[in-house]
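Worksheet for the structure shown next.
Chain naming here is simple, since letters A, B, ... match the order of the sequence lines and numbering starts at 1 in each.
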Protein chains: 2
Amino acid sequence: MPTKSRVMAKILVVDDEPDALELVGFNLKAAGYEVVTADDGADALKKARQHAPDLILLDVMLPEVDGLEVCKLLRRDPATSQIPVIMLTAKAAEIDRVLGLELGADDYVTKPFSPRELVLRVKNLLRRRTDGEEKPDQFNIGDMFIDVPRHLVTVARKRIDLTATEFKLLTTLASRRGRVQSREQLLRDVWEYDNIIDTRTVDTHMRRLREKLGTACRYLDTVRGVGYRFVEN
Amino acid sequence: MPTKSRVMAKILVVDDEPDALELVGFNLKAAGYEVVTADDGADALKKARQHAPDLILLDVMLPEVDGLEVCKLLRRDPATSQIPVIMLTAKAAEIDRVLGLELGADDYVTKPFSPRELVLRVKNLLRRRTDGEEKPDQFNIGDMFIDVPRHLVTVARKRIDLTATEFKLLTTLASRRGRVQSREQLLRDVWEYDNIIDTRTVDTHMRRLREKLGTACRYLDTVRGVGYRFVEN
DNA sequence: CGGGGATGTTACAAGCCGGTGACAAAAAAT
DNA sequence: ATTTTTTGTCACCGGCTTGTAACATCCCCG
(Lines give C-alpha, C1' and ligand atoms only; values in the text may rest on other atoms or scores of the structure.)
Protein backbone atom coordinates (compact mmCIF):
# COMPACT_ATOMS: atom_id res chain seq x y z
CA MET A 1 0.00 0.00 0.00
CA PRO A 2 1.34 3.44 -0.94
CA THR A 3 2.14 5.81 1.87
CA LYS A 4 -0.32 8.60 2.39
CA SER A 5 1.10 12.08 2.62
CA ARG A 6 -1.87 13.08 4.74
CA VAL A 7 -2.62 11.82 8.23
CA MET A 8 -4.99 8.89 7.90
CA ALA A 9 -8.47 9.01 9.28
CA LYS A 10 -9.09 8.24 12.92
CA ILE A 11 -11.75 5.67 13.69
CA LEU A 12 -13.50 4.96 16.96
CA VAL A 13 -14.51 1.33 17.38
CA VAL A 14 -17.12 0.52 20.00
CA ASP A 15 -17.72 -3.08 21.10
CA ASP A 16 -17.95 -4.83 24.46
CA GLU A 17 -16.26 -8.04 23.34
CA PRO A 18 -12.47 -7.73 23.46
CA ASP A 19 -12.09 -10.28 20.66
CA ALA A 20 -14.31 -8.37 18.28
CA LEU A 21 -12.52 -5.15 19.21
CA GLU A 22 -9.18 -6.70 18.42
CA LEU A 23 -10.31 -8.23 15.14
CA VAL A 24 -11.78 -4.99 13.84
CA GLY A 25 -8.96 -2.89 15.20
CA PHE A 26 -6.32 -5.06 13.62
CA ASN A 27 -7.90 -4.88 10.18
CA LEU A 28 -8.43 -1.17 10.28
CA LYS A 29 -4.87 -0.55 11.38
CA ALA A 30 -3.69 -2.81 8.58
CA ALA A 31 -5.63 -0.59 6.20
CA GLY A 32 -3.75 2.39 7.57
CA TYR A 33 -6.30 3.89 9.89
CA GLU A 34 -5.71 5.22 13.36
CA VAL A 35 -7.89 3.33 15.81
CA VAL A 36 -9.40 4.30 19.14
CA THR A 37 -11.51 1.79 21.06
CA ALA A 38 -14.30 1.95 23.60
CA ASP A 39 -16.08 -0.94 25.32
CA ASP A 40 -19.32 0.57 26.49
CA GLY A 41 -21.74 3.33 25.61
CA ALA A 42 -20.61 5.93 28.10
CA ASP A 43 -16.98 5.37 27.15
CA ALA A 44 -17.91 5.69 23.48
CA LEU A 45 -19.60 9.04 23.96
CA LYS A 46 -16.68 10.33 25.99
CA LYS A 47 -14.06 9.24 23.49
CA ALA A 48 -16.11 10.51 20.58
CA ARG A 49 -16.01 14.00 22.02
CA GLN A 50 -12.41 13.68 23.14
CA HIS A 51 -10.82 12.34 19.96
CA ALA A 52 -13.19 13.75 17.35
CA PRO A 53 -12.82 10.65 15.17
CA ASP A 54 -13.59 10.79 11.45
CA LEU A 55 -15.85 7.78 11.70
CA ILE A 56 -17.43 5.59 14.36
CA LEU A 57 -18.00 1.83 14.21
CA LEU A 58 -20.70 1.06 16.70
CA ASP A 59 -21.92 -2.33 17.89
CA VAL A 60 -25.66 -2.48 18.48
CA MET A 61 -25.34 -4.85 21.44
CA LEU A 62 -23.75 -3.04 24.34
CA PRO A 63 -24.13 -3.40 28.11
CA GLU A 64 -25.99 -0.61 29.92
CA VAL A 65 -26.74 1.89 27.14
CA ASP A 66 -27.30 0.06 23.87
CA GLY A 67 -25.80 1.04 20.54
CA LEU A 68 -28.97 2.56 19.14
CA GLU A 69 -29.20 4.86 22.10
CA VAL A 70 -25.54 5.80 21.75
CA CYS A 71 -26.12 6.64 18.11
CA LYS A 72 -29.02 8.88 18.99
CA LEU A 73 -26.98 10.65 21.63
CA LEU A 74 -24.07 11.11 19.24
CA ARG A 75 -26.44 12.80 16.84
CA ARG A 76 -27.81 15.08 19.46
CA ASP A 77 -24.43 16.42 20.56
CA PRO A 78 -23.23 19.16 18.18
CA ALA A 79 -19.66 18.04 18.78
CA THR A 80 -20.34 14.61 17.32
CA SER A 81 -23.48 14.99 15.21
CA GLN A 82 -21.55 15.25 11.96
CA ILE A 83 -19.45 12.13 12.44
CA PRO A 84 -20.52 9.26 10.18
CA VAL A 85 -21.57 6.11 12.02
CA ILE A 86 -21.51 2.50 10.84
CA MET A 87 -23.57 0.13 12.96
CA LEU A 88 -22.53 -3.45 13.60
CA THR A 89 -25.58 -5.62 14.03
CA ALA A 90 -26.17 -9.31 14.53
CA LYS A 91 -29.73 -9.46 13.30
CA ALA A 92 -30.71 -8.47 9.81
CA ALA A 93 -34.10 -7.57 11.19
CA GLU A 94 -32.65 -4.66 13.09
CA ILE A 95 -31.45 -3.00 9.93
CA ASP A 96 -34.58 -1.01 9.34
CA ARG A 97 -34.43 0.76 12.63
CA VAL A 98 -30.72 1.29 12.36
CA LEU A 99 -30.95 3.08 9.06
CA GLY A 100 -34.08 4.95 10.00
CA LEU A 101 -33.56 8.65 10.05
CA GLU A 102 -34.46 8.97 13.67
CA LEU A 103 -31.24 7.19 14.42
CA GLY A 104 -29.11 8.68 11.72
CA ALA A 105 -26.63 5.88 11.19
CA ASP A 106 -24.96 6.15 7.79
CA ASP A 107 -24.42 2.49 7.04
CA TYR A 108 -24.48 -0.92 8.69
CA VAL A 109 -22.63 -4.21 8.57
CA THR A 110 -24.20 -7.47 9.73
CA LYS A 111 -22.28 -9.92 11.86
CA PRO A 112 -20.51 -12.03 11.00
CA PHE A 113 -18.75 -9.79 8.50
CA SER A 114 -15.64 -10.23 6.42
CA PRO A 115 -12.85 -7.84 7.33
CA ARG A 116 -12.57 -6.85 3.71
CA GLU A 117 -16.19 -5.80 3.51
CA LEU A 118 -15.90 -3.80 6.68
CA VAL A 119 -12.87 -1.88 5.45
CA LEU A 120 -14.61 -1.26 2.14
CA ARG A 121 -17.60 0.28 3.87
CA VAL A 122 -15.35 2.46 5.96
CA LYS A 123 -13.43 3.67 2.93
CA ASN A 124 -16.63 4.40 1.07
CA LEU A 125 -18.16 6.41 3.81
CA LEU A 126 -15.00 8.40 4.41
CA ARG A 127 -14.66 9.19 0.73
CA ARG A 128 -18.24 10.33 0.55
CA ARG A 129 -17.56 12.79 3.32
CA THR A 130 -14.29 14.17 2.05
CA ASP A 131 -14.20 14.52 -1.72
CA GLY A 132 -17.94 14.60 -2.12
CA GLU A 133 -18.11 17.62 0.20
CA GLU A 134 -21.79 16.66 0.01
CA LYS A 135 -23.49 19.65 -1.49
CA PRO A 136 -27.17 18.93 -1.49
CA ASP A 137 -29.33 21.39 -3.37
CA GLN A 138 -31.99 21.34 -0.72
CA PHE A 139 -32.14 21.80 3.03
CA ASN A 140 -34.92 21.09 5.45
CA ILE A 141 -34.28 22.40 8.91
CA GLY A 142 -37.18 22.59 11.31
CA ASP A 143 -39.72 24.85 9.70
CA MET A 144 -37.18 26.33 7.33
CA PHE A 145 -36.81 25.06 3.81
CA ILE A 146 -34.07 26.06 1.39
CA ASP A 147 -33.96 25.17 -2.29
CA VAL A 148 -30.69 26.28 -3.88
CA PRO A 149 -31.40 25.85 -7.61
CA ARG A 150 -34.78 27.46 -7.23
CA HIS A 151 -33.28 30.18 -5.08
CA LEU A 152 -36.09 29.80 -2.64
CA VAL A 153 -36.39 30.06 1.13
CA THR A 154 -39.52 29.48 3.14
CA VAL A 155 -40.15 29.64 6.86
CA ALA A 156 -43.33 27.99 8.09
CA ARG A 157 -44.36 27.74 4.41
CA LYS A 158 -44.11 31.46 3.98
CA ARG A 159 -41.75 32.68 1.32
CA ILE A 160 -38.85 34.83 2.39
CA ASP A 161 -37.32 37.26 -0.08
CA LEU A 162 -33.56 37.34 0.15
CA THR A 163 -30.97 39.18 -1.90
CA ALA A 164 -28.26 37.25 -3.69
CA THR A 165 -25.63 37.65 -0.97
CA GLU A 166 -28.05 37.01 1.84
CA PHE A 167 -29.09 33.81 0.15
CA LYS A 168 -25.53 32.68 -0.38
CA LEU A 169 -24.62 33.48 3.20
CA LEU A 170 -27.56 31.47 4.47
CA THR A 171 -26.87 28.45 2.28
CA THR A 172 -23.20 28.51 3.15
CA LEU A 173 -24.02 28.39 6.83
CA ALA A 174 -26.76 25.82 6.34
CA SER A 175 -24.51 23.50 4.38
CA ARG A 176 -22.04 23.47 7.26
CA ARG A 177 -24.75 23.03 9.82
CA GLY A 178 -23.45 22.99 13.36
CA ARG A 179 -19.92 24.03 12.53
CA VAL A 180 -18.83 27.54 13.37
CA GLN A 181 -17.70 29.65 10.43
CA SER A 182 -15.28 32.49 11.03
CA ARG A 183 -15.90 35.80 9.34
CA GLU A 184 -12.82 35.25 7.20
CA GLN A 185 -14.13 31.87 6.11
CA LEU A 186 -17.48 33.35 5.21
CA LEU A 187 -15.85 36.17 3.27
CA ARG A 188 -13.90 33.61 1.28
CA ASP A 189 -16.87 31.40 0.52
CA VAL A 190 -19.64 33.92 0.09
CA TRP A 191 -17.72 36.90 -1.28
CA GLU A 192 -15.21 34.82 -3.27
CA TYR A 193 -12.24 36.30 -1.44
CA ASP A 194 -10.54 38.37 -4.11
CA ASN A 195 -12.24 41.36 -2.63
CA ILE A 196 -10.74 43.12 0.31
CA ILE A 197 -13.77 43.61 2.45
CA ASP A 198 -14.18 44.58 6.08
CA THR A 199 -15.05 41.55 8.19
CA ARG A 200 -17.69 43.63 9.94
CA THR A 201 -19.65 43.55 6.71
CA VAL A 202 -20.52 39.97 7.57
CA ASP A 203 -22.18 41.21 10.75
CA THR A 204 -24.38 43.60 8.86
CA HIS A 205 -25.50 40.91 6.49
CA MET A 206 -26.21 38.56 9.36
CA ARG A 207 -28.39 41.23 10.86
CA ARG A 208 -30.33 41.71 7.65
CA LEU A 209 -30.70 37.98 7.30
CA ARG A 210 -32.02 37.64 10.82
CA GLU A 211 -34.45 40.47 10.33
CA LYS A 212 -35.91 38.90 7.20
CA LEU A 213 -36.04 35.43 8.69
CA GLY A 214 -38.12 36.59 11.62
CA THR A 215 -38.66 33.81 14.14
CA ALA A 216 -36.38 31.51 12.17
CA CYS A 217 -33.42 33.66 13.16
CA ARG A 218 -33.11 31.26 16.06
CA TYR A 219 -31.21 29.00 13.69
CA LEU A 220 -28.47 31.61 13.31
CA ASP A 221 -26.15 31.46 16.24
CA THR A 222 -23.41 33.90 17.15
CA VAL A 223 -20.28 32.40 18.65
CA ARG A 224 -18.56 35.25 20.34
CA GLY A 225 -14.96 35.75 19.33
CA VAL A 226 -15.19 33.15 16.59
CA GLY A 227 -17.97 33.64 14.08
CA TYR A 228 -21.41 32.39 13.17
CA ARG A 229 -23.02 29.02 12.92
CA PHE A 230 -26.22 27.37 11.84
CA VAL A 231 -27.94 25.41 14.62
CA GLU A 232 -31.13 23.42 14.39
CA ASN A 233 -32.89 23.65 17.69
CA MET B 1 -23.51 -7.84 -1.05
CA PRO B 2 -22.12 -5.14 -3.32
CA THR B 3 -21.54 -1.79 -1.68
CA LYS B 4 -23.77 0.98 -2.87
CA SER B 5 -21.82 4.06 -3.78
CA ARG B 6 -24.91 6.23 -3.70
CA VAL B 7 -27.71 6.33 -1.16
CA MET B 8 -30.83 4.82 -2.69
CA ALA B 9 -33.95 6.84 -3.15
CA LYS B 10 -36.13 7.49 -0.15
CA ILE B 11 -39.85 6.85 -0.46
CA LEU B 12 -42.67 8.01 1.78
CA VAL B 13 -45.59 5.57 1.92
CA VAL B 14 -48.90 6.86 3.24
CA ASP B 15 -51.70 4.47 4.15
CA ASP B 16 -53.93 4.05 7.18
CA GLU B 17 -54.00 0.24 7.04
CA PRO B 18 -50.97 -1.29 8.73
CA ASP B 19 -51.16 -4.37 6.49
CA ALA B 20 -51.03 -2.34 3.31
CA LEU B 21 -48.22 -0.27 4.75
CA GLU B 22 -46.20 -3.36 5.54
CA LEU B 23 -46.83 -4.98 2.19
CA VAL B 24 -45.77 -1.95 0.22
CA GLY B 25 -42.89 -1.17 2.54
CA PHE B 26 -41.52 -4.67 2.34
CA ASN B 27 -41.53 -4.72 -1.43
CA LEU B 28 -39.92 -1.34 -1.76
CA LYS B 29 -37.19 -2.23 0.71
CA ALA B 30 -36.61 -5.46 -1.17
CA ALA B 31 -36.11 -3.31 -4.27
CA GLY B 32 -33.46 -1.36 -2.41
CA TYR B 33 -35.36 1.75 -1.45
CA GLU B 34 -35.34 3.48 1.87
CA VAL B 35 -38.87 3.63 3.24
CA VAL B 36 -40.59 6.07 5.56
CA THR B 37 -44.22 5.54 6.49
CA ALA B 38 -47.11 7.70 7.61
CA ASP B 39 -50.62 6.60 8.54
CA ASP B 40 -52.68 9.73 8.16
CA GLY B 41 -52.72 12.95 6.20
CA ALA B 42 -51.24 15.22 8.82
CA ASP B 43 -48.44 12.78 9.51
CA ALA B 44 -47.78 12.49 5.79
CA LEU B 45 -47.39 16.22 5.35
CA LYS B 46 -45.10 16.44 8.34
CA LYS B 47 -42.88 13.59 7.24
CA ALA B 48 -42.78 14.85 3.66
CA ARG B 49 -41.23 18.10 4.85
CA GLN B 50 -39.01 16.42 7.40
CA HIS B 51 -37.51 13.68 5.28
CA ALA B 52 -37.67 15.25 1.83
CA PRO B 53 -38.38 11.91 0.17
CA ASP B 54 -37.69 11.37 -3.52
CA LEU B 55 -41.17 10.04 -4.12
CA ILE B 56 -44.48 9.71 -2.27
CA LEU B 57 -46.95 6.83 -2.45
CA LEU B 58 -50.27 8.16 -1.30
CA ASP B 59 -53.46 6.23 -0.56
CA VAL B 60 -56.60 8.08 -1.60
CA MET B 61 -58.65 6.78 1.33
CA LEU B 62 -57.38 8.29 4.52
CA PRO B 63 -59.09 9.20 7.78
CA GLU B 64 -59.58 12.91 8.50
CA VAL B 65 -57.86 14.60 5.57
CA ASP B 66 -58.25 12.47 2.45
CA GLY B 67 -55.46 11.65 0.03
CA LEU B 68 -56.60 14.07 -2.63
CA GLU B 69 -56.48 16.91 -0.17
CA VAL B 70 -53.03 15.82 1.00
CA CYS B 71 -51.81 15.81 -2.58
CA LYS B 72 -53.10 19.32 -3.10
CA LEU B 73 -51.40 20.53 0.06
CA LEU B 74 -48.13 18.85 -0.91
CA ARG B 75 -48.24 20.76 -4.16
CA ARG B 76 -48.87 24.02 -2.44
CA ASP B 77 -45.86 23.82 -0.12
CA PRO B 78 -42.64 24.85 -1.86
CA ALA B 79 -40.75 22.30 0.19
CA THR B 80 -42.69 19.42 -1.26
CA SER B 81 -44.20 20.69 -4.49
CA GLN B 82 -41.51 19.10 -6.64
CA ILE B 83 -41.78 15.61 -5.19
CA PRO B 84 -43.46 13.13 -7.54
CA VAL B 85 -46.61 11.51 -6.15
CA ILE B 86 -48.16 8.17 -7.02
CA MET B 87 -51.74 7.76 -5.83
CA LEU B 88 -53.13 4.45 -4.64
CA THR B 89 -56.81 4.21 -5.41
CA ALA B 90 -59.44 1.51 -5.05
CA LYS B 91 -61.86 2.75 -7.66
CA ALA B 92 -60.89 3.15 -11.27
CA ALA B 93 -63.46 5.92 -11.50
CA GLU B 94 -61.40 8.15 -9.28
CA ILE B 95 -58.53 8.12 -11.70
CA ASP B 96 -59.67 11.10 -13.68
CA ARG B 97 -59.75 13.37 -10.71
CA VAL B 98 -56.47 12.04 -9.42
CA LEU B 99 -54.63 12.79 -12.59
CA GLY B 100 -56.40 16.07 -13.12
CA LEU B 101 -54.06 18.99 -13.24
CA GLU B 102 -55.55 20.60 -10.19
CA LEU B 103 -54.20 17.75 -8.12
CA GLY B 104 -50.91 17.21 -9.83
CA ALA B 105 -50.35 13.56 -9.05
CA ASP B 106 -47.78 12.05 -11.40
CA ASP B 107 -49.13 8.52 -11.65
CA TYR B 108 -51.62 6.16 -10.02
CA VAL B 109 -51.98 2.50 -9.18
CA THR B 110 -55.38 0.87 -8.64
CA LYS B 111 -55.91 -1.53 -5.77
CA PRO B 112 -55.44 -4.38 -5.71
CA PHE B 113 -52.02 -4.05 -7.33
CA SER B 114 -49.20 -6.47 -7.88
CA PRO B 115 -46.05 -5.56 -5.98
CA ARG B 116 -44.07 -5.90 -9.16
CA GLU B 117 -46.21 -3.34 -10.93
CA LEU B 118 -45.92 -0.93 -8.05
CA VAL B 119 -42.15 -1.14 -7.95
CA LEU B 120 -42.02 -0.70 -11.71
CA ARG B 121 -44.03 2.49 -11.53
CA VAL B 122 -41.82 3.80 -8.80
CA LYS B 123 -38.67 3.04 -10.76
CA ASN B 124 -40.10 4.67 -13.82
CA LEU B 125 -41.06 7.85 -12.11
CA LEU B 126 -37.74 8.14 -10.33
CA ARG B 127 -35.79 7.56 -13.53
CA ARG B 128 -37.78 10.20 -15.31
CA ARG B 129 -36.81 12.68 -12.65
CA THR B 130 -33.13 11.89 -12.41
CA ASP B 131 -31.35 10.93 -15.59
CA GLY B 132 -33.96 12.06 -18.07
CA GLU B 133 -33.65 15.73 -17.13
CA GLU B 134 -37.09 15.38 -18.69
CA LYS B 135 -36.97 17.02 -22.05
CA PRO B 136 -40.51 16.75 -23.30
CA ASP B 137 -41.35 18.31 -26.62
CA GLN B 138 -44.37 20.00 -25.15
CA PHE B 139 -45.08 22.22 -22.16
CA ASN B 140 -48.32 23.24 -20.58
CA ILE B 141 -47.99 25.95 -17.99
CA GLY B 142 -51.12 27.75 -16.90
CA ASP B 143 -52.56 29.32 -19.99
CA MET B 144 -49.31 29.01 -21.90
CA PHE B 145 -48.69 26.15 -24.25
CA ILE B 146 -45.38 25.38 -25.94
CA ASP B 147 -44.79 22.85 -28.70
CA VAL B 148 -41.09 22.53 -29.36
CA PRO B 149 -40.98 20.52 -32.61
CA ARG B 150 -43.72 22.65 -34.15
CA HIS B 151 -42.11 25.83 -32.91
CA LEU B 152 -45.37 27.03 -31.55
CA VAL B 153 -46.31 29.11 -28.54
CA THR B 154 -49.80 30.09 -27.52
CA VAL B 155 -51.06 32.10 -24.58
CA ALA B 156 -54.76 31.77 -23.84
CA ARG B 157 -55.11 29.97 -27.20
CA LYS B 158 -53.71 32.95 -29.02
CA ARG B 159 -50.63 32.32 -31.09
CA ILE B 160 -47.46 34.22 -30.23
CA ASP B 161 -44.85 34.86 -32.91
CA LEU B 162 -41.35 34.40 -31.60
CA THR B 163 -37.98 34.55 -33.30
CA ALA B 164 -35.61 31.58 -33.13
CA THR B 165 -33.56 32.82 -30.20
CA GLU B 166 -36.56 34.05 -28.30
CA PHE B 167 -38.15 30.65 -28.69
CA LYS B 168 -35.05 28.80 -27.56
CA LEU B 169 -34.65 31.10 -24.60
CA LEU B 170 -38.23 30.48 -23.56
CA THR B 171 -38.04 26.71 -23.92
CA THR B 172 -34.73 26.57 -22.09
CA LEU B 173 -36.24 28.41 -19.16
CA ALA B 174 -39.46 26.39 -19.33
CA SER B 175 -37.65 23.08 -19.30
CA ARG B 176 -35.90 24.06 -16.08
CA ARG B 177 -39.05 25.37 -14.57
CA GLY B 178 -38.53 26.91 -11.17
CA ARG B 179 -34.76 26.78 -11.20
CA VAL B 180 -32.87 30.01 -11.61
CA GLN B 181 -30.62 30.18 -14.66
CA SER B 182 -27.65 32.51 -14.65
CA ARG B 183 -26.94 34.60 -17.70
CA GLU B 184 -23.82 32.56 -18.35
CA GLN B 185 -25.84 29.37 -18.20
CA LEU B 186 -28.37 30.74 -20.64
CA LEU B 187 -25.64 31.92 -23.01
CA ARG B 188 -24.16 28.45 -22.99
CA ASP B 189 -27.45 26.68 -23.59
CA VAL B 190 -29.24 29.07 -25.89
CA TRP B 191 -26.31 30.63 -27.75
CA GLU B 192 -24.23 27.43 -27.81
CA TYR B 193 -21.32 28.94 -25.93
CA ASP B 194 -18.66 29.24 -28.61
CA ASN B 195 -19.68 32.81 -29.10
CA ILE B 196 -18.27 35.53 -26.95
CA ILE B 197 -21.35 37.50 -26.26
CA ASP B 198 -22.16 40.18 -23.76
CA THR B 199 -24.25 38.78 -20.93
CA ARG B 200 -26.43 41.86 -21.13
CA THR B 201 -27.68 40.56 -24.44
CA VAL B 202 -29.72 38.08 -22.47
CA ASP B 203 -31.53 40.98 -20.83
CA THR B 204 -32.51 42.45 -24.14
CA HIS B 205 -33.92 39.16 -25.32
CA MET B 206 -35.80 38.71 -22.11
CA ARG B 207 -37.30 42.13 -22.63
CA ARG B 208 -38.44 41.28 -26.15
CA LEU B 209 -39.80 37.96 -24.96
CA ARG B 210 -41.78 39.62 -22.22
CA GLU B 211 -43.14 42.22 -24.56
CA LYS B 212 -44.43 39.61 -26.98
CA LEU B 213 -45.84 37.36 -24.28
CA GLY B 214 -48.00 40.14 -22.90
CA THR B 215 -49.78 39.06 -19.73
CA ALA B 216 -47.93 35.74 -19.75
CA CYS B 217 -44.73 37.56 -18.92
CA ARG B 218 -45.69 36.91 -15.33
CA TYR B 219 -44.09 33.48 -15.78
CA LEU B 220 -40.72 35.07 -16.40
CA ASP B 221 -39.13 36.01 -13.14
CA THR B 222 -36.00 38.07 -12.58
CA VAL B 223 -33.83 37.07 -9.65
CA ARG B 224 -31.66 40.06 -9.00
CA GLY B 225 -27.97 39.27 -8.82
CA VAL B 226 -28.50 35.74 -10.05
CA GLY B 227 -30.41 35.38 -13.28
CA TYR B 228 -33.82 34.50 -14.66
CA ARG B 229 -36.30 31.79 -13.88
CA PHE B 230 -39.57 30.36 -15.07
CA VAL B 231 -42.28 30.34 -12.40
CA GLU B 232 -45.75 28.98 -12.72
CA ASN B 233 -48.06 31.01 -10.59
C1' DC C 1 -18.47 46.83 39.31
C1' DG C 2 -16.22 48.79 35.54
C1' DG C 3 -13.47 48.63 31.35
C1' DG C 4 -12.59 47.02 26.86
C1' DG C 5 -13.39 44.29 23.10
C1' DA C 6 -16.87 42.13 20.38
C1' DT C 7 -21.36 42.29 18.38
C1' DG C 8 -25.96 44.47 17.28
C1' DT C 9 -28.19 48.49 15.14
C1' DT C 10 -28.91 52.35 12.34
C1' DA C 11 -28.08 55.40 8.65
C1' DC C 12 -26.31 56.54 4.26
C1' DA C 13 -23.94 57.15 -0.04
C1' DA C 14 -21.75 54.75 -3.83
C1' DG C 15 -22.37 51.70 -7.15
C1' DC C 16 -24.12 47.77 -9.18
C1' DC C 17 -27.96 45.75 -11.59
C1' DG C 18 -31.57 45.26 -14.60
C1' DG C 19 -35.22 47.66 -17.60
C1' DT C 20 -35.57 50.39 -21.57
C1' DG C 21 -35.09 52.65 -26.04
C1' DA C 22 -32.21 53.42 -29.85
C1' DC C 23 -29.17 51.81 -33.37
C1' DA C 24 -26.41 49.42 -36.65
C1' DA C 25 -24.77 45.15 -38.37
C1' DA C 26 -26.17 40.81 -40.03
C1' DA C 27 -29.37 37.72 -41.96
C1' DA C 28 -33.39 36.66 -44.38
C1' DA C 29 -36.96 37.65 -47.41
C1' DT C 30 -38.67 39.87 -51.43
C1' DA D 1 -30.47 44.93 -54.90
C1' DT D 2 -33.63 46.43 -51.65
C1' DT D 3 -36.49 45.83 -47.93
C1' DT D 4 -37.61 43.67 -43.73
C1' DT D 5 -36.57 41.19 -39.77
C1' DT D 6 -33.55 39.66 -36.43
C1' DT D 7 -29.92 40.28 -33.28
C1' DG D 8 -26.06 42.04 -30.63
C1' DT D 9 -24.41 46.27 -28.34
C1' DC D 10 -24.62 50.53 -26.01
C1' DA D 11 -25.95 54.31 -23.03
C1' DC D 12 -28.98 56.02 -19.67
C1' DC D 13 -31.75 55.93 -15.61
C1' DG D 14 -34.07 54.59 -11.49
C1' DG D 15 -33.92 51.70 -7.74
C1' DC D 16 -32.30 48.25 -4.90
C1' DT D 17 -27.96 46.24 -2.75
C1' DT D 18 -24.34 46.63 -0.24
C1' DG D 19 -20.09 48.11 2.11
C1' DT D 20 -18.81 51.17 5.68
C1' DA D 21 -18.79 54.11 9.41
C1' DA D 22 -20.68 55.71 13.64
C1' DC D 23 -23.18 54.72 17.61
C1' DA D 24 -25.42 51.62 21.00
C1' DT D 25 -25.25 47.18 23.61
C1' DC D 26 -23.73 43.24 25.29
C1' DC D 27 -20.58 40.18 27.41
C1' DC D 28 -16.37 38.52 29.24
C1' DC D 29 -12.80 39.34 32.40
C1' DG D 30 -10.41 41.06 36.01
Write down the distance between CZ (A/Arg229) and C1' (C/dT7), rounded to a whole number of angstrom. 16 Å
Evaluate the side-chain proximity of B/Tyr228 to B/Val202: yes if any heavy-atom separation is below 4.5 Å, no if none is. yes
Considering only residues two or more places apart or on different chains, which pairs with a residue in residues 161-183 of chain A satisfy ring-ring contact (aromatic ring centres under 6.0 Å, His included)? A/His151-A/Phe167
Where along nucleotides 24-30 of chain D does protein come under 4.0 Å, by heavy atom, of base (B) or sugar-phosphate alone (S), with - for untouched nucleotides? ---BS--
State, yes or no, whether a side-chain contact exists between A/Phe230 and A/Leu170 at a heavy-atom distance under 4.5 Å. yes
Let me know the distance between CG of B/Asp198 and P of D/dG8, rounded to the nearest Å. 11 Å
Find the bend of the helix from C/dC1-D/dG30 to C/dT30-D/dA1 as the angle between its two terminal axes (five pairs each), to the nearest 10°. 30°
Every protein N/O lying under 3.5 Å from an N/O of nucleotides 25-27 of chain C:
none

Nucleotide D/dG8, atom P - distance to NZ of B/Lys168 in whole Å: 12 Å
Using whole Å, report how far CD1 of A/Ile197 lies from C1' of D/dA21. 15 Å
Between B/Asp107 and B/Ile86, is there a side-chain heavy-atom distance shorter than 4.5 Å? yes
Could you tell me whether B/Asp43 and B/Lys47 have a side-chain N and a carboxylate O separated by less than 4.0 Å? yes
Taking only the side-chain nitrogens and oxygens of B/Arg200, find out if one of them lies under 4.0 Å from OP1 or OP2 of D/dG8. no
Could you tell me the separation between the CE atom of A/Met206 and the P atom of D/dT20, rounded to a whole number of Å? 18 Å
To the nearest Å, give me how far apart CG (A/Leu209) and C1' (D/dG19) are. 16 Å
Check whether any side-chain heavy atom of A/Glu166 sits under 4.5 Å from a side-chain heavy atom of A/Thr163, and report yes or no. yes
With 3.5 Å as the limit, what N/O pairs link the protein to nucleotides 4-7 of chain D?
from: D/dT7; atom 1: OP1; to: B/Thr165; atom 2: OG1; distance (Å): 3.0
from: D/dT7; atom 1: OP2; to: B/Thr163; atom 2: OG1; distance (Å): 2.5
from: D/dT7; atom 1: OP2; to: B/Thr165; atom 2: OG1; distance (Å): 2.9
from: D/dT7; atom 1: O5'; to: B/Thr165; atom 2: OG1; distance (Å): 3.4

Taking CZ from A/Phe167 and P from D/dT18, how many angstroms apart are they, rounded to a whole number? 13 Å
Nearest nucleotide by nearest heavy atom, which residue falls closer to the 5' end of DNA chain C, A/Arg207 or B/Arg183? A/Arg207
What is the separation between atom CD on B/Glu184 and atom C1' on C/dG18, rounded to the nearest whole Å? 14 Å
Phosphate OP1/OP2 of C/dC17 contacted by B/Tyr228 side-chain N/O (<4.0 Å): no
Could you tell me if the side chain of B/Arg177 sits less than 4.5 Å from the side chain of B/Ile141, heavy atoms only? yes
Between the side chains of B/Arg157 and B/Asp143, is the shortest nitrogen-to-carboxylate-oxygen separation below 4.0 Å, so that they form an ion pair? no
Partners of A/Asp147 by salt bridge (charged side-chain N to carboxylate O under 4.0 Å, His left out), sequence neighbours excluded? A/Arg150
Any side-chain heavy atom of B/Leu173 sitting closer than 4.5 Å to one from B/Gln181? yes
So, A/Glu184 and A/Arg188, do they make that salt bridge, N to O below 4.0 Å? no
Both B/Val223 and B/Thr204 contact DNA chain C. Which one's nearest nucleotide lies toward the 5' end? B/Val223
May I ask you to check whether over 12 heavy atoms, not counting those of B/Glu64, lie within 6.0 Å of atom CD? no
Please check: side-chain N/O of A/Asp54 versus main-chain N/O of A/Lys10, any donor-acceptor pairing under 3.5 Å? yes
Is the shortest distance from a Lys or Arg side-chain nitrogen in A/Lys212 or A/Asp161 to a carboxylate oxygen in the other one below 4.0 Å? no
